[in-house]
Amino acid sequence: MASSRQFKLAKESELRVEVGPDMPLRIRLLSGTAEIFGTELPPSNWLSISPRSKIAVFTWNGATIELDGISEVEYVADETPMVSYVNVHAILDARRAQAKASHSSNVDSPQGPRVIVVGPTDSGKSSLCKMLLSWACKQGWKPTYVDLDIGQGYITIPGCIAATPVEMPIDAVEGIPLEMPIVYFYGHTSPTANGDLYKVFVKELARTLERQFSGNAEARAAGMVINTMGWVEGLGYELLLNAIDTFNCDVVLVLGQEKLCSMLKEVLKTKPKVDVVKLHKSGGIVMRNQKVRQKARSLKIREYFYGPINDLSPHSNIVNFSDISVYRIGGGPQAPRSALPIGAEPVADPTRVVAININRDLLHLVLAVSYAKEPDQIISSNVAGYIYVTDIDVVRKKITYLAPCPGELPSKLLIVGTLTWLEG
Ligand SMILES: Nc1ncnc2c1ncn2[C@@H]1O[C@H](COP(=O)(O)OP(=O)(O)OP(=O)(O)O)[C@@H](O)[C@H]1O
């Protein structure tokens, strides 16, 4: 569909739009009020929607929307779960107000809600998180967004466990402005690569946030919204339970799966302070196959270096092999054979930090730059950012990489996992 067209939306309805891979599409609000995943559209201004986006423009009281450009799909729907979502927001808001009124950062005093959003892939978890965060910001709160979804990685890039305060409604195009996110580099897009390491980083992140909350009553009252992976069986389920426990969640929102909801209700019934709430998934969600997910991952990494609207220019740098040290986490025996009792087999340690030889295997990998000063601090340190290896010259022992900013790397300690990227 091309050229400019208008849609008159009745109250509590939404315009769903799917943008193709190379299609330019602009959108603007002509009258009334409307929002994209919780963030209001400014009146009259054109907003460019990124290629491959699938969005819903929802209105509470009615609106006229204009589209200009090409889309793959566009239609109006009047059946949405938005009223139930905003009801949840109202309850969370009341808890925040109660926590604020108690004026205390004492661990036993009321605290803001710690909400975890769970559900299978493509159930709308990330979209619901955005809405809850943006609506909270609109009320003046600065909630903390925690992203445990290593498969997509909304805060920085896939393969990470991260958190950031959200201070204003999330921009539909540019995402969350990142001042100082706390990021741990797990380095893989599936938890099966090293489930124990995933748990270790979840614990580190929870501990860091707990420390911040104890000194910041405002953040503590605003609480957290936690996004999770869509794998809800086997190890995925175990990691969900682990996250609920580690972050001391008191609200579990289950999207679109009865079975998961009743399983969680059953295991959490011993914790009366934890509410498990089932919510319907939106009919607007389009299922994404493996290929589309892989593409989304790749785009997310591209966005890190080039900006969400191609507004950044990364820098290419060259360093000697001897100027950096690269470490892999996991694998390798926990202790040398000589240190083990006779007959005992060495066990692979999931959190062992192993120095690796720099060679062409690093080509096209994304490496994290650790804040650690020594290798033994790598597990407990978050990361400053990432570099992308574009060339390895084994003869001259030089490595060429792309970094988001010019100048020296903030640290010489780099972490490698299995996160690859083919620029494009
Ligand atoms: N109401 C809606 N109308 C149109 N598209 C929607 C709607 N809600 C969500 N989407 C789109 O559907 C896709 C899947 O939604 P979302 O990313 O929120 O699901 P998810 O459960 O977090 O997925 P995953 O676990 O796979 O990361 C996204 O592209 C999102 O923008």
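Everything quoted here is computed from the prediction, not taken from an experiment. Just so you know, ligand 1 is whichever comes first in the structure, and atom 1 is the first atom listed for that ligand.
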*Which atoms from ligand 1 have a heavy atom of Ser282 less than 4.0 Å away?*
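In order of numbering, the contacting atoms are 1 (N), 2 (C).
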
Among protein heavy atoms, which lies nearest [atom], and at what distance?
atom	value
atom 20 (P) of ligand 1	Lys125 N, 3.5 Å
atom 22 (O) of ligand 1	Ser126 OG, 2.7 Å
atom 30 (C) of ligand 1	Lys54 O, 3.6 Å
atom 26 (O) of ligand 1	Arg293 NH1, 2.7 Å

*Would you call Lys138 and Glu40 a salt bridge, using N to O less than 4.0 angstrom?*
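A salt bridge links Lys138 with Glu40.
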
*Taking the side chain as C-beta and beyond, is there a heavy-atom pair between Pro113 and Arg96 under 4.5 Å?*
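Answer yes - side chains close enough.
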
Any chance the side chains of [X] and [Y] put a donor and an acceptor closer than 3.5 Å?
X	Y	value
Glu66	Ser4	yes
Ser411	Ser370	no
Glu35	Trp135	yes

_Please tell me whether Phe305 and Trp421 form a close aromatic pair, meaning their ring centres lie under 6.0 Å apart._
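So the answer is yes for these two rings.
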
_Please report whether the ring centroid of Tyr386 lies less than 6.0 Å from that of Tyr304._
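Yes; Tyr386 has its ring centre under 6.0 Å from that of Tyr304.
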
So, 4.0 Å and heavy atoms of [X]: is ligand 1 close enough to count as a contact?
X	result
Glu14	yes
Arg288	yes
Gly124	yes
Phe37	yes

*Looking only at non-hydrogen atoms, which of Pro81, Gly284, Ser127, Gly230 approaches atom 15 (O) of ligand 1 most closely?*
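Residue with the shortest heavy-atom distance to the ligand atom: Ser127.
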
*Taking atom 27 (O) of ligand 1 as the point of reference, which of Asn227, Leu255, Asp149 owns the nearest heavy atom?*
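Among Asn227, Leu255, Asp149, the closest heavy atom to atom 27 (O) of ligand 1 comes from Asp149.
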
_Strictly by salt bridge (Lys or Arg N to Asp or Glu O under 4.0 Å), give each pair with a member in residues 247-267 just once, sequence neighbours left out._
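For residues 247-267: Glu258-Lys278, Glu266-Lys269.
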
